[in-house]
Amino acid sequence: MRIGITCYPTYGGSGVVATELGIELAQRGHQVHFISYSQPIRLTEPHPNIHFHEVEVSRYPLFEYPPYDLALATRMSEVAEIYNLDLLHVHYAIPHSVSAFLAREMTAFGPGRKRHLPFVTTLHGTDITLVGLDRSYLPITRFSIEKSDGVTAISHYLREKTLQEFEVRNEVRVIPNFVNCDLYRRDIHAARYRAEWAKEGERIVTHLSNFRPVKRVPDVIEVFDRIQKQIPAKLVMIGDGPDRSRAEWMVVEKKLQDRVLFLGKQDEVHEKLPAADLMLMPSTLESFGLAALEAMACEVVPVATNAGGTPELIDHGLDGFLTEVGDIDAMAKYSIEILSDDEKLREMGKMARFKAQSTYCASKIIPMYEDFYREVLERAS
Ligand code: GMT
């Protein structure tokens, strides 16, 4: 198939999923065309089946708000015509599905070869739970979801939320997020960064996010403070965003500077995660929790919150822990318990890897997307 993929090319779960999907599809012989304002950050290796088309937005002085959505729609329809795309797959509803809708209309009624160019919209979470529920975005988000030729959601939670809050009438297929289990694994890189970050006998706790308020980064520092009072440990913070400086100040106030490392945004996350023993994910809400899945594939035990789609991923007490949002004491208690028991820690890490491998491996999930594309194409023909 010839597939056009659009996503936010920056750090963030939806862009990561879209990029990894494109890479996997290319490896399976499909032609993949990324269409976005810059090259997705996880697209590091060239591949003969992967092509990138940059969307240029003209900066005419009259445009206080340059119309990216329109430039994207134009580029989508051009790329579709020139490269004879079978379909478009957009990640994150706003504004990508609106642009895809316009591209489809242009392809059907514009000056070029007229045909139906189907588009699939994948919902990732904040496009529904936060942005879409802003009254100013709700009608157009609902419209573009309903106009999609196919809609997928990354968890059952998000599917239900979309059906309830948006009252959309079309089918929303759940295709969960995935991880490349060959890349994300413990044995390759664990020792290298472990030696760099911690002394012999110290545990490594990690957190990976975009440091937005929904991630509750201050909770990470509070929980780690309690952990390090009981167990020799280091905290490795991966990512960047609005709450980073607040977290850095908390570290100074608690005199934890020699225990906490802020790495900032990292490209090769799969090389760093395997060095950790435990991941803290105290988010108010995760529609899926991709960072936890990536950790689990590396045998890193997740301690997360019982919110959104995360309980679909983690079985409490078996392959990770779930607590109520904001229950710092419970998070610290579970963390201390598991970090104190070497055998249980390794056993739970193995269970986490087993879950990632048996349910969320790319090799299991990518065929679901391929089947869905075929269904959409069949319906559209
Ligand atoms: O969590 C964020 O702030 C980023 C957001 C995104 O769109 O990049 O993440 C969402 O999509 C991820 C990939 O599908 C999911 O793993 C995250 O759980 C989801 N975030 C939320 O629902 C808050």
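One-based numbering, in listed order, for ligands and for the atoms of each.
Counting only heavy atoms of the protein, atom 1 (O) of ligand 1 lies nearest to K215 NZ, 2.7 Å. In terms of protein heavy atoms, atom 12 (C) of ligand 1 is closest to G13 CA, 3.8 Å. The nearest protein atom to atom 21 (C) of ligand 1, hydrogens excluded, is given as S287 N, 3.6 Å; this is a heavy-atom distance. If you check which protein heavy atom lies closest to atom 5 (C) of ligand 1, you get T126 OG1, 4.1 Å. The shortest contact between atom 18 (O) of ligand 1 and any protein heavy atom is with E286 OE1, 2.6 Å. Counting only heavy atoms of the protein, atom 19 (C) of ligand 1 lies nearest to H124 O, 3.4 Å.
The closest approach between a heavy atom of G289 and any atom of ligand 1 is below 4.0 Å. Ligand 1 is never approached by H91 to a heavy-atom distance shorter than 4.0 Å.
Using a 4.5 Å heavy-atom threshold, the side chains of E54 and Q39 count as separate. By the 4.5 Å heavy-atom criterion applied to side chains, K215 and D243 are not counted as neighbours.
By the criterion of a heavy-atom distance under 4.0 Å, neither the backbone nor the side chain of V16 is placed next to ligand 1. Only the side chain of I154 comes within contact range of ligand 1, with a heavy atom under 4.0 Å; no backbone atom does.
The atoms of ligand 1 that sit less than 4.0 Å from any heavy atom of Y92 are 7 (O). In summary, the atoms of ligand 1 found under 4.0 Å from a heavy atom of G12, numbered by their order in the structure, are 8 (O). Near L290, meaning under 4.0 Å from one of its heavy atoms, ligand 1 places the atoms 16 (O). Under a 4.0 Å criterion applied to the non-hydrogen atoms of N177, ligand 1 contributes the atoms 13 (C), 14 (O), 16 (O). Counting the atoms of ligand 1 from 1 in the order shown, those under 4.0 Å from a heavy atom of L285 are 23 (C).
R194 has no carboxylate O lying under 4.0 Å from a charged side-chain N of E196, or vice versa, which leaves the two without a salt bridge.
With distances taken over non-hydrogen atoms, the option nearest atom 8 (O) of ligand 1 out of A153, C7, S14 is S14. Taking only non-hydrogen atoms, the option from T284, T10, N210 nearest to atom 3 (O) of ligand 1 is N210.
Applying the 6.0 Å contact sphere to NZ of K255 captures no more than 12 heavy atoms from other residues, nucleotides or ligands. The number of heavy-atom neighbours closer than 6.0 Å to CD1 of I140, taken from other residues, nucleotides and ligands shown, is 12 or below. The environment of NZ in K147 is sparse: at most 12 heavy-atom neighbours from other residues, nucleotides or ligands sit within 6.0 Å.
Partner of E271 under the salt bridge (Lys or Arg N to Asp or Glu O under 4.0 Å) criterion, out of R186, R185, R192: R192 alone. Under the side chain to side chain donor-acceptor pair (under 3.5 Å) test applied with Y92, the options T126, T121, T6 reduce to a single match, T126.
A donor-acceptor contact under 3.5 angstrom links the side chains of D149 and H116, judged on distance only.
In this structure, the side chain of S36 engages the main chain of C7 through a donor-acceptor pair within 3.5 Å. Although no hydrogens or angles enter the test, the distance criterion places no donor-acceptor pair under 3.5 Å between the side chain of S77 and the main chain of T107.
For ligand 1, the polar-atom distance check against F288 finds a nitrogen or oxygen pair separated by under 3.5 Å.
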